Amino acid sequence: MTTKTKAIILAAGKGTRMKSELPKVLHKIQGLTLLERVIDQTLCVEGIEGAVVITGHKNELVDDVISQKYCQSTVSTTIQSPQLGTGHAVSMAIPKLQNFDGNILILCGDTPLLTTEVLDELCKFHSESNSDLTVLSAIFEDPTNYGRIIKKDGKLDSIVEEKDATGEQKQIKEVNTGVYCLNWQKILPAFGTLKSNNSQNEYYLTDIIKWAVSEGLNTNAYILKDNNQSFGINSKEHLMQATKLLNERTLHSLLESGVSIYSPETIFISPETKIGPDTIIYPGVCIEGNNIIGKNNIIGPNTFIEGNVTTGDNVKITQSKLSNATIGNDTTIGPFAHIRDGVEISEKVRIGNFVEIKKSQIASNTNVAHLSYIGDSELGTNVNIGAGTITANYNALTKTKSKTILKDGVKTGSNSVLVAPVTIEQNSNIAAGSVITKDVPADSLAITRAKQQNFIGWVQKKLLQLKGDQK
Ligand code: UD1
Ligand code: CA
């Protein structure tokens with residue numbers, strides 16, 4: 001049986017070393033803030049019921065990010081002001097968790113590489129060893145600045161901070177990662193006993209261990225296998241390194257699932273993106289946010305997928321930018337296309353060079369092959385959009401946008417302008433260079449340009465006339 005679990009996530013710190021106006025936990029890695037990454041992984045832990053985030057520095061900004069994404073009954077925030085240490089931070093959550101009877105996971109909001117799998121392992125170890133307090137520890141070649149794990153007869157006895165450690169204790173390479181699993185009701189009284197009589201005058205969370213030991217409770221350290229999991233962000237250098245590590249992790253799991261990647265150092269793919277097997281990712285591709293890419297696609301080179309993009313199978317996207325779009329099977333996009341704002345493109349469609357498509361639906365077997373803007377439009381099947389066709393969807397005076405509807409089989413000539421609102425019925429043709437302001441009935445030709453006149457011999461006549469003038 002899984003134990004009821006809640007999490008406390010510490011995120012009150014300023015993060016001075018980030019040299020930024022933004023609170024540390026709101027910096028982003030591959031499109032998601034550090035804090036969201038921690039919360040998302042935490043909310044997938046077995047038996048988890050919710051999390052309390054401890055905020056402090058610029059708490060309104062942190063509150064905004066949380067309230068926009070999570071339901072308040074699942075993730076709530078509590079302010080810690082002033083910030084008197086990690087033990088003080090956790091005690092801020094006590095009023096909300098006073099009667100909670102289960103396990104409490106404590107984590108920091110600045111460790112974006114920590115995964116649900118490791119948190120699950122920690123909880124499993126905690127329950128299987130009948131532990132009351134388990135610390136997630138790690139063995140670091142260079143343990144400088146971390147709290148050292150002090151053991152007695154193989155049991156966790158205490159954690160000593162670098163600044164309070166003796167020379168001998170500083171030699172210890174097993175460190176505290178700052179992640180804990182507590183049997184909450186048993187450990188709760190510890191918070192009333194914390195004192196700040198240490199070298200930093202802070203209420204140390206780590207002092208709950210000494211208390212638990214003195215109460216005869218079962219305390220343990222669970223050693224992390226992959227040290228990158230506990231990678232904490234304190235600087236922009238760290239942010240860069242963590243981005244690289246997260247990306248490598250994502251690329252490896254994609255390779256594992258049958259995606260081809262040839263130039264990993266130029267490719268960034270968010271862990272939230274799913275990609276089908278036999279898809280090839282060429283150099284210079286950045287894929288952010290939640291996306292579902294189908295099987296056997298060719299993406300890139302030099303393509304930016306910004307989020308909420310779904311592609312079918314056998315789709316080809318070259319040198320283009322896409323966001324909020326659905327692309328059907330066997331469709332090609334680009335080079336140099338921009339697809340955005342809720343576009344739905346069906347199967348076997350060709351969107352070609354220098355084409356922008358915004359908030360439009362395009363049915364199967366339709367071509368928009370060159371130099372077009374299609375906005376707020378519906379294009380039927382087998383439509384052919386001539387080079388340079390523009391939908392004039394925006395009235396700059398009324399500041400309103402209107403629809404252009406092109407039914408099945410419509411063909412537009414090059415350089416035509418369709419002034420919305422306008423509907424072109426089935427199989428009609430628009431002559432090149434026309435400006436269409438009125439609806440066109442089915443099976444018709446619409447032409448609005450002036451009739452062509454040819455002046456035979458005009459050039460010679462003109463030249464003779466010019467010579468005469470010079471004499
Ligand atoms: C702490 C641990 C140390 C461990 C290290 C792992 C203590 C006393 N020490 O070190 O053993 O090796 O984490 O990274 O707990 N925070 C608050 N409010 C505060 C103070 C901190 O919310 O008053 C938050 C910070 O924003 C941060 C986290 O707690 O997310 C850890 O604080 P930080 O100062 O980085 O940890 P250390 O005290 O250095
Ligand atoms: Ca500190």
Side-chain angles (χ1 to χ4, degrees), residues 3-13 23-25 33-57 59 62-63 65-67 69-112 114-116 118-120 122-123 126-127 131-136 147 159 176-194 202-209 211-212 219 222 230 232:
T3 319
K4 283 195 290 183
T5 305
K6 286 194 181 186
I8 299 173
I9 301 174
L10 307 188
K24 179 165 78 175
V25 293
T33 64
L34 304 182
L35 184 57
E36 287 169 280
R37 293 214 169 273
V38 174
I39 296 175
D40 289 350
Q41 293 298 315
T42 304
L43 291 182
C44 291
V45 165
E46 248 189 277
I48 197 86
E49 292 183 346
V52 180
V53 179
I54 311 299
T55 62
H57 178 69
N59 66 300
V62 180
D63 283 351
V65 168
I66 290 175
S67 62
K69 178 159 172 180
Y70 306 99
C71 168
Q72 220 218 322
S73 58
T74 310
V75 182
S76 65
T77 59
T78 293
I79 189 169
Q80 181 203 19
S81 176
Q83 286 121 43
L84 305 177
T86 48
H88 178 249
V90 171
S91 67
M92 296 296 112
I94 291 176
K96 287 194 172 169
L97 299 168
Q98 196 77 53
N99 301 316
F100 175 69
D101 192 9
N103 287 340
I104 289 283
L105 270 175
I106 299 175
L107 322 97
C108 296
D110 60 0
T111 53
L114 194 65
T115 58
T116 304
V118 165
L119 293 171
D120 277 339
L122 173 69
C123 294
H126 180 82
S127 74
S131 185
D132 296 310
L133 188 165
T134 309
V135 173
L136 184 67
I159 294 175
N176 171 20
T177 65
V179 180
Y180 313 77
C181 183
L182 316 178
N183 185 331
W184 182 241
Q185 285 302 328
K186 281 198 184 163
I187 304 296
L188 196 48
F191 291 93
T193 70
L194 296 181
E202 284 180 10
Y203 293 91
Y204 286 168
L205 174 58
T206 44
D207 285 349
I208 63 173
I209 293 148
W211 177 88
T219 57
Y222 176 72
S230 70

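Owing to the predicted nature of the structure, the values given are computational and were not obtained by experimental measurement.
Note that the CD1 atom of Ile8 and the CE atom of Met92 stand 11.0 Å from one another [nearest 0.5 Å]. Atom OG1 of Thr77 is separated from atom CD1 of Ile66 by 6.0 Å, given to the nearest 0.5 angstrom. For the atom pair CG (Leu107) and SG (Cys181), the distance works out to 10.0 Å, reported to the nearest 0.5 Å.
Annotation: side chain of Asp40 is in contact with side chain of Tyr70 (closest heavy-atom distance under 4.5 Å). Between Val25 and Thr33 there is no side-chain heavy-atom pair separated by less than 4.5 Å. Taking the side chain as every heavy atom from C-beta outward, Leu43 and Val75 approach each other to under 4.5 Å. Val90 has its side chain out of reach of Ile54: every pair of non-hydrogen atoms, C-beta onward, lies at least 4.5 Å apart.
Ala212 approaches Ile187 most closely through the heavy-atom pair CB-CD1, 4.2 Å. Here the closest heavy-atom approach between residue Ile209 and residue Thr219 is recorded as O-CG2, 4.4 Å. Among all heavy-atom pairs drawn from Leu188 and Gln98, the shortest one is CD2-O, 3.9 Å.
Defined by atom type and a distance below 3.5 Å, a donor-acceptor pair is present between the side-chain atoms of Thr116 and Gln41. In this structure, a donor-acceptor pair under 3.5 Å is absent between the side chains of Tyr203 and Asp207.
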Requested in this report: Mind running side-chain contact (heavy atoms from CB on, under 4.5 Å) on Val65 and Glu36 for me, showing each step along the way?
Outcome: CA-CA 8 Å; Val65 168; Glu36 287 169 280; 4.0 Å; yes

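Of the possible polar contacts, one joining the Trp184 side chain to the Leu97 backbone as a donor-acceptor pair under 3.5 Å is found.
Sparse packing is recorded around CD of Glu46, with 12 or fewer heavy atoms of other residues, nucleotides or ligands lying under 6.0 Å away.
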